[in-house]
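Chain naming here is simple, since letters A, B, ... match the order of the sequence lines and numbering starts at 1 in each.
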2 protein chains.
Amino acid sequence: MEITHEDFKKVETAINDVKEEGRQIRSIFDSYSDENFGIDWEVDAAVDAFSIFSSRWTIEILATLYIAGERRFNEMRKLLRGISSRTLSDKLTKCSESGLVDRVVEDGPPIRVIYRLTDHGRDAGRLLGPLVAYMKIHQDRVVRHSQ
Amino acid sequence: MEITHEDFKKVETAINDVKEEGRQIRSIFDSYSDENFGIDWEVDAAVDAFSIFSSRWTIEILATLYIAGERRFNEMRKLLRGISSRTLSDKLTKCSESGLVDRVVEDGPPIRVIYRLTDHGRDAGRLLGPLVAYMKIHQDRVVRHSQ
DNA sequence: GTATCTAGTGTATAAAATGCACCATAGTGT
DNA sequence: ACACTATGGTGCATTTTATACACTAGATAC
């Protein structure tokens, strides 16, 4: 996807700001490093904080709902090409249980089920956004318009 | 871990800034949504951008090296409690192949192998930082000092 | 000689993801 | 009446991925 120089610069700047933000957060946490809360604790906490995301499709589901807004089961299946309905079903249940996604049943007929991010899920999506944008640029999927 | 009001506020502010940054990036990409680069394309690109992270331990390895700095094989194994040496070995190879991690052999004896983030890996780590901090706060692993 | 450190491999098993068939309910087409 | 579509999934066999645990080789210390 080609975007204008102006927009590219905006995205680049936003990404750089986030890197700086990340650096600051890191340095604050570093300053608390002692015998009780050392590297071990922090790696542990990070692994734990990420445990919900650290299996296939969870982050992808989050990103999809963040990008596409609320969707129904089969719509998600089409968007997430390659996921089996079995896995999608399982993962949506997990996302729902962990408070990232709301499962909303609209009674029909036909009954429709809508999945949408909770506030927590939306926050996570926004925090993930800059990394996704960075990766897209890194992989040349998003490029500056050449004129 | 308890941190001062001041530091808590700094971290909170940084996280909020990143959310806002994420919102802006999203709105820029949204504005390019058309028949060629619609939701389908963007979900695809996001899934693809994240494919390197979307299996267990990859993000944890990244976070560990980001938090702890460069480490040797067995040091990582201790930090990432629960990973098998087999899996760690495989994942480090993948991380190395995908340019996130450098494998540096210091010849001995004994030969020591150091793993460290590449610039790309460090950038990814920094971009991931705010989300990890947000999750830590969300899970009450990092709290404001009660005085 | 035995134990320890290094960075991993080999292999059997367990867990997770996939592919594909299938379910019930309802509506539409011919 | 009969087939076909769409809804949101479940069941089950197969494949892929991760784990547990034993084990390797080269060098040092005891």
Side-chain angles (χ1 to χ4, degrees), chain A residues 43-44 46-48 50-65 68-98 100-117, chain B residues 43-44 46-48 50-65 68-98 100-117:
Chain A
V43 169
D44 247 38
V47 168
D48 204 75
F50 244 92
S51 64
I52 173 65
F53 301 123
S54 80
S55 81
R56 237 197 128 179
W57 295 116
T58 319
I59 278 189
E60 285 90 336
I61 285 172
L62 198 71
T64 302
L65 291 174
E70 56 183 50
R71 294 281 150 163
R72 301 210 310 277
F73 185 84
N74 283 322
E75 288 178 326
M76 297 210 65
R77 200 141 71 96
K78 266 173 227 150
L79 285 170
L80 291 166
R81 283 182 287 161
I83 197 171
S84 66
S85 56
R86 173 53 337 142
T87 308
L88 180 57
S89 173
D90 291 351
K91 292 293 170 179
L92 282 170
T93 303
K94 279 207 172 172
C95 286
S96 179
E97 280 169 4
S98 63
L100 291 167
V101 167
D102 266 341
R103 183 175 184 277
V104 184
V105 182
E106 294 190 333
D107 45 53
I111 290 172
R112 285 161 201 278
V113 180
I114 280 173
Y115 293 94
R116 79 162 63 106
L117 293 182
Chain B
V43 169
D44 249 37
V47 168
D48 205 74
F50 245 92
S51 62
I52 174 64
F53 302 121
S54 79
S55 81
R56 237 197 127 179
W57 294 118
T58 319
I59 278 188
E60 285 89 337
I61 286 172
L62 198 72
T64 302
L65 291 175
E70 58 183 48
R71 294 281 149 162
R72 302 211 308 278
F73 186 85
N74 283 323
E75 288 178 327
M76 297 209 64
R77 200 141 73 95
K78 266 173 228 149
L79 285 169
L80 291 166
R81 283 182 288 163
I83 197 171
S84 64
S85 56
R86 177 31 113 182
T87 306
L88 179 57
S89 172
D90 291 351
K91 293 293 173 181
L92 282 171
T93 304
K94 279 206 174 177
C95 285
S96 180
E97 281 169 2
S98 63
L100 291 167
V101 168
D102 265 342
R103 183 175 183 279
V104 184
V105 182
E106 292 189 334
D107 45 53
I111 291 174
R112 286 163 201 277
V113 180
I114 280 173
Y115 293 93
R116 79 163 61 108
L117 294 183

Handout entry: D/dT17 OP1/OP2 closer than 4.0 Å to side-chain N/O of B/Lys91
Key = no

Atom pairs and distances, side-chain donor-acceptor, residues 77-87 of chain A, under 3.5 Å, sequence neighbours left out:
{"unit_1": "A/Arg77", "atom_1": "NE", "unit_2": "A/Asn74", "atom_2": "OD1", "d": "3.3"}
{"unit_1": "A/Arg77", "atom_1": "NH2", "unit_2": "A/Asn74", "atom_2": "OD1", "d": "3.4"}
{"unit_1": "A/Arg81", "atom_1": "NH2", "unit_2": "B/Asp44", "atom_2": "OD1", "d": "2.9"}
{"unit_1": "A/Arg81", "atom_1": "NH2", "unit_2": "B/Asp44", "atom_2": "OD2", "d": "2.3"}
{"unit_1": "A/Ser84", "atom_1": "OG", "unit_2": "A/Thr87", "atom_2": "N", "d": "3.2"}
{"unit_1": "A/Ser84", "atom_1": "OG", "unit_2": "A/Thr87", "atom_2": "OG1", "d": "2.8"}

Completion exercise
B/Ile52 CD1 to D/dT17 P, in whole Å, measures 13 Å

Practice task
Please check the phosphate of D/dT19 (OP1 and OP2 only) for any side-chain N or O of B/Thr87 closer than 4.0 Å.
Solution key: yes

Practice task
May I ask you to verify whether the side chain of A/Arg86 and the base of D/dG11 hold a donor-acceptor pair under 3.5 Å?
Solution key: yes

Exercise for the section: Pull out every residue in residues 70-81 of chain A that has a heavy atom closer than 4.0 Å to any atom of DNA chain D, ordered by number, or say none. Expected result: A/Arg72, A/Phe73, A/Asn74

Problem - Identified side-chain contact (heavy atoms from CB on, under 4.5 Å) partner of B/Tyr115 from the options B/Leu88, B/Leu92, B/Thr64 - result: B/Leu92

Exercise for the section: Would you classify B/Lys94 as touching base, sugar-phosphate or nothing, given that sugar-phosphate means primed atoms plus P, OP1 and OP2, and contacts are heavy atoms under 4.0 Å? Expected result: nothing

Exercise for the section: Confirm from the modelled atom types if B/Ser89 and C/dT9 form a donor-acceptor pair under 3.5 Å, side chain to base only. Expected result: no

Exercise for the section: Could you tell me whether the phosphate oxygens of C/dA16, OP1 or OP2, come under 4.0 Å of any side-chain nitrogen or oxygen in B/Arg56? Expected result: no

Exercise for the section: For the pair A/Glu97 (side chain) and A/Lys94 (backbone), establish whether a donor and an acceptor sit closer than 3.5 Å, ignoring hydrogens and angles. Expected result: no

Exercise for the section: Enter the inter-axis angle for the ends of the helix from C/dG1-D/dC30 to C/dT30-D/dA1 (five pairs per end, rounded to 10°). Expected result: 20°

Handout entry: Residue-phosphate contact under 4.0 Å: B/Ser55 side-chain N/O, D/dA18 OP1/OP2
Key = yes

Problem - Whole-Å distance separating the CZ atom of A/Arg112 from the C1' atom of D/dG9 - result: 15 Å

Handout entry: Presence of A/Trp57 side-chain N/O under 4.0 Å of C/dA16 phosphate oxygens OP1/OP2
Key = no

Practice task
Answer whether the closest heavy-atom distance between the side chains of A/Leu62 and A/Thr58 falls below 4.5 Å.
Solution key: no

